[in-house]
Amino acid sequence: MERYNFKLSESKWQDYWEKEKIFKSVVNKNKEKFYCLEMFPYPSGKIHMGHVRNYTIGDVLSRFKTLKGFNVLHPMGWDSFGMPAENAARQNNLNPKDWTEKNIDVMKSQLKMLGLSIDWDREISTCSPEYYKHQQKIFLDLYDKGLVYRKESYVNWDPVDKTVLANEQVIDGKGWRSGAVVERKKLNQWFFKISYFSEDLLNDLNKLNQWPDKVKTMQKNWIGKSFGCEIDFKIEGSKDIKSIKCYTTRPDTLFGFSFLALSVDHPCSKYYEKNNDFIKFKKECSKTGTTEESIAQATKIGFKTELEAINPLDNESKVPVYFANFVLMDYGFGAVFGCPAHDQRDFDFAKKYNLQIKTVVKPDNESDDYQVQKEAFAGAGVIINSKFLNGLSAPQNSIDETIKILEERKLGKKKTNYRLKDWGISRQRYWGCPIPIAYDVNNNVIKIPEKNLPVTLPESIDLDTNGNPLDAQTEWKEVVIDGKKCKRETDTLDTFVDSSWYYLRFCSAKNTNKAFDIEDIDYWMPVDQYIGGIEHAILHLLYSRFFMRAISLNNKETSFKEPFEGLFTQGMVCHQTYKDNNNNWVYPEDVFSEDGKNYYQNKDPSKKVIVGPSESMSKSKKNTVDPEKIIKLYGADSVRLFILSDSPPEKDIQWSDSGISASFKFLQKLWALNEKIVSNKKEFSEFDKDLEKFTNQIIKKVTDDLDRFGFNVVIASIYKIYTFYNKQTNKSDWGSNFFENYIKILKIINPIIPHFSNECLERLNQPVKNLQWPSANEKYLDEEIVNIVTQINGKKRKVFQIDKSIDKESLIEKIKNDDQMKKYINNKKIIKTIYIENKLINFIIR
RNA sequence: GGGGCGAUGGCGGAAUUGGUAGACGCGUCGGUCUUAGGAACCGAUAGAGCAAUCUGUGAAGGUUCGAGUCCUUUUCGCCCUACCA
């Protein structure tokens with residue numbers, strides 16, 4: 001018997017799928033649709049195990065739904081704009097376009113090796129003008145709707161390279177390339193008004209009942225709705241500044257007011273621009289703030305002004321005004337009222353500058369002379385030392401009451417605040433979608449007319465210039481619109497924009513006139529199942545939700561607002577880490593072990609390797625395994641089988657050599673079984689009820705488990721199938737119903753190991769086209785003989801195999817009189833009998 | 001500081017609604033076959049005990065006839081987020 005030749009088989013079926021266009025999807029209103037989408041990859045060079053896991057999950061689901069009769073849309077594309085291309089191009093003296101296209105070719109061939117059921121006719125690439133011309137149109141539409149605007153905003157500026165840095169390019173406050181201390185620089189930039197939908201985005205999370213709660217909570221926190229009030233503080237000591245607005249969630253602690261703090265970027269800072277001490281202070285503030293650690297540990301510093309703020313509820317009380325490093329300009333009004341007794345940050349600040357700490361809330365169990373000591377008290381309690389507010393229960397009552405009073409006296413008003421900020425979309429980069437805007441000689445914003453779209457990137461470009469390479473393209477920049485000389489916008493769009501609407505484009509991927517066809521999206525949208533990494537829980541998913549709302553705003557044709565009905569976030573792929581004696585990471589493929597305990601380097605077996613903990617695969621730790629190599633060694637089906645088998649898909653999985661080789665060996669066993677069945681010449685006449693029962697029960701279980709993403713248990717079932725069928729074929733009579741049941745089995749393993757399943761079906765002269773998912777026959781799902789667990793006082797004592805037809809009374813009588821049970825009951829009195837049908841009997845004795 | 005998730009054999013993990021804890025795989029041990037095996041096949045495998053049996057789902061309590069599952073407290077681990085007023 002020949003072993004299973006996965007190389008021949010897998011390439012054969014992949015060719016067949018491609019030639020016959022098996023996965024081509026067309027709108028068919030008579031058939032229920034299923035849109036299965038995995039987050040499309042960035043073409044970084046090669047696929048990694050994370051992709052393998054992501055796309056295997058999506059593929060199994062797509063194939064399963066297809067077998068179940070759905071019209072499945074399962075597309076794939078490339079998130080192909082972005083910085084890595086620019087960096088790689090600069091390093092290797094290439095064009096980003098060429099680098100990207102080469103990577104796409106490689107990765108596409110690798111995805112095909114996995115045998116994914118993708119409709120490649122719908123392939124899209126976000127860096128292609130065919131894609132981004134529609135994006136530019138959408139940008140202009142949103143501009144017309146008032147959802148796009150321009151304002152001054154800060155960027156990270158590298159003063160040596162003279163370039164804008166992305167956050168991830170700033171390491172410890174320094175530019176990643178130059179090492180220069182990064183400065184903050186103000187630039188005019190474009191924004192999407194995502195905050196317009198804050199409330200809607202928050203509320204509609206409730207409707208997403210096929211989303212993980214975790215992701216919804218993360219988005220909820222990100223939107224960060226809070227209830228509070230804005231208060232106007234009168235200011236003394238300046239002829240320019242009359243009052244300052246603050247936002248607070250705790251107006252009820254107003255009598256604890258002991259300073260007012262402003263962000264260094266607060267509009268009032270303009271009056272201090274020439275003050276040398278203030279300039280120094282501002283510099284000091286910008287030093288801390290890039291790494292998370294420094295933020296957490298940053299001490300609170302302030303710059304005292306000559307200004308004084310008056311407590312609106314107590315005109316006698318005047319407090320100093322500071323600029324402080326812990327006040328953020330882009331939340332609230334960039335100004336806070338300091339109440340040290342009941343806010344830890346304010347407390348720290350007050351301690352440092354010897355400001356008054358006035359206790360105005362006491363815990364319920366404390367007396368009225370309670371005083372805050374070592375730290376701020378932010379808990380619930382009762383208002384004290386606050387004149388007419390005294391005695392109110394804090395926080396809820398006291399807040400409501402204070403707001404009422406402030407509103408009556410016209411000193412402030414109730415306000416809901418959101419943490420969610422508008423989305424800055426300008427990037428000072430070459431390799432992104434050009435913003436379809438120009439400016440006339442007076443710097444007015446001029447839209448590029450639709451007929452002139454797309455605004456394409458210039459192909460020959462010098463990436464070694466300082467700053468944005470597009471800025472240096474003087475010829476490209478010049479454009480005439482309606483006879484007027486204009487200069488193009490040289491910023492490009494954030495690549496998150498590209499991925500915020502690609503799910504729509506897949507529905508009409510070939511339409512050159514429009515971004516999408518209403519008829520197409522009416523049928524295909526929303527995405528029924530979206531699958532990807534948890535790292536996109538907030539930004540990408542929130543931006544996509546925003547885009548759907550923005551496109552649908554004042555648009556009667558697209559009525560829905562949620563692009564993704566179901567969301568699944570898969571876990572990461574982990575691998576053991578290895579280091580040599582010099583603390584350098586070592587690749588798994590350069591490591592060997594004879595006993596599984598001591599590890600050595602392949603190149604030099606005298607060198608020991610230290611085994612570290614298993615961590616998520618990353619290039620920096622060199623604990624990666626190359627999928628292409630693994631596929632070539634074991635075959636795609638073995639890889640698919642293993643990547644799904646060891647852990648539930650939402651959790652992390654450990655990649656291991658023993659695991660993948662176990663999957664490989666298992667397929668060989670399954671193949672041997674199939675060959676044994678193929679070569680059987682005997683006819684069987686006896687109907688085998690056990691075989692029928694086993695098959696139907698396992699079909700039921702696999703169907704249910706696939707429906708709930710229980711891939712790892714599905715694979716456990718496949719192992720059980722092998723054990724059962726192997727025993728069955730060792731019998732002299734396999735059963736007259738053997739063949740039809742076995743065919744069903746080959747169908748239910750098809751979504752997971754499709755090449756293998758096809759090959760087995762073909763060996764048995766079975767069709768492989770238009771397979772249908774077998775349904776379990778209810779008749780065989782029930783057992784006639786059931787296990788009855790008997791307990792004495794809740795403790796398991798004996799298990800009886802009982803015919804289901806027996807009635808309750810005789811069953812209890814029978815068990816009571818069982819010799820072993822009698823021994824346990826031991827002449828004691830049965831005071832209660834719990835009976836759960838077909839499951840359990842519990843005697844309570846005393 | 002805030003939020004979330006989790007803790008089950010040597011390991012990864014099973015266990016619809018509370019109802020036989022440890023499915024399935026890895027590893028380990030024993031056996032068969034083989035010139036050999038790091039191949040294949042068969043069997044065993046939570047712990048203790050010769051056994052009947054007892055103990056076991058991070059810890060402590062509670063609800064219940066019955067808890068891995070529900071409630072309270074607690075410890076540890078992981079993830080996200082971060083001066084949000």
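Throughout, a chain's letter reflects where its sequence line sits, starting with A, and its residues are numbered from 1. What you are looking at is a predicted structure, and each value in this text was computed from that prediction instead of being measured.
Note: CD (A/Gln576) to C1' (B/rG27) measures 14 Å, nearest angstrom. Summarising the geometry, the separation between NZ on A/Lys220 and P on B/rU81 is reported as 18 Å, rounded to the nearest angstrom. Rounded to an integer number of Å, the gap from A/Asn325 CG to B/rA82 C1' is 15 Å. Between the NZ atom of A/Lys225 and the C1' atom of B/rA85 there is a distance of 18 Å, given to the nearest Å. Note: NZ (A/Lys216) to C1' (B/rU81) measures 20 Å, nearest angstrom. Computed from coordinates, the A/Phe642 CZ to B/rG13 P distance equals 11 Å when rounded to whole Å. Per the geometry, CD1 belonging to A/Ile792 stands 14 Å off P belonging to B/rG66, to the nearest Å. Atom CD of A/Gln697 and atom C1' of B/rA23 are 15 Å apart (whole Å).
In this entry B/rA40 has B/rU32 as its Watson-Crick or G-U wobble partner, both defining distances falling under 3.5 Å. Using the Watson-Crick or G-U wobble rule with both distances under 3.5 Å, B/rC24 pairs with B/rG12. Base pairing of B/rC83: no nucleotide in any strand meets the Watson-Crick or G-U wobble criterion (both distances under 3.5 Å). With both pairing distances under 3.5 Å, B/rG6 is matched to B/rC76 as a Watson-Crick or G-U wobble pair. Checking B/rA51 for Watson-Crick or G-U wobble geometry (two distances, each under 3.5 Å) identifies no partner in any strand.
Of the residues A/Phe303, A/Phe281, A/Phe349, the one that meets the ring-ring contact (aromatic ring centres under 6.0 Å, His included) test with A/Tyr322 is A/Phe349.
Within the structure, a side-chain polar atom (N or O) of A/Arg797 is placed less than 4.0 Å from OP1 or OP2 of B/rC54. Dashed line: the shortest gap from a side-chain N or O of A/Tyr719 to OP1 or OP2 of B/rC26 is not under 4.0 Å. For the pair A/Lys665 and B/rA39, the criterion of a side-chain N or O lying under 4.0 Å from OP1 or OP2 is met. OP1 or OP2 of B/rA14 has at least one side-chain nitrogen or oxygen of A/Asn712 nearer than 4.0 Å. A sub-4.0 Å separation between OP1 or OP2 of B/rA85 and a side-chain N or O of A/Tyr247 is absent.
In the set B/rA23, B/rU81, B/rC65, the nucleotide with an atom closest to the side chain of A/Lys720 is B/rA23. Looking at the side chain of A/Ile538, the nearest of the listed nucleotides B/rU81, B/rA15, B/rC84 is B/rU81. Listed candidates were B/rU17, B/rU53, B/rC84. Nearest to the side chain of A/Tyr824 is B/rU53.
Residue order along RNA chain B, read from the 5' end via each residue's closest nucleotide, puts A/Val789 first among A/Val789 and A/Ala662. Each of A/Lys700 and A/Met218 was assigned the nucleotide of RNA chain B with the nearest heavy atom; the assignment lying further toward the 5' end belongs to A/Lys700.
Aromatic rings from A/Phe642 and A/Tyr634 are positioned such that their centres are separated by 6.0 Å or more. In this structure, the ring of A/Phe233 has its center less than 6.0 angstrom from the ring center of A/Phe257.
Salt bridge annotation for A/Glu199-A/Lys225: present, with a cationic side-chain nitrogen under 4.0 angstrom from a carboxylate oxygen.
With P as the reference atom, B/rG58 and B/rA21 are 16 Å apart, rounded to whole Å. Spacing between B/rG25 and B/rA36 at atom C1', rounded to whole Å, works out to 28 Å. Look at the C1' atom in both B/rG9 and B/rU16: the space between them is 25 Å, to the nearest Å. B/rU8 sits 11 Å from B/rA14 when the P atoms are compared, rounded to a whole Å.
Within 4.0 Å of A/Ser645, counting heavy atoms only, lies no atom of the nucleic acid at all. At a threshold of 4.0 angstrom between heavy atoms, the contacts of A/Asn787 include nucleobase atoms, whether or not backbone atoms are also involved. Here A/Phe233 lies out of heavy-atom contact (under 4.0 Å) with every strand. Looking at heavy-atom distances under 4.0 Å, A/Ile844 makes contact with sugar-phosphate atoms alone, never a base.
Taking the syn range as angles within 90° of 0, the glycosidic angle of B/rG9 is syn.
Ring planes of A/Tyr4 and A/Trp671: tilted class, angle from 30 to 60°.
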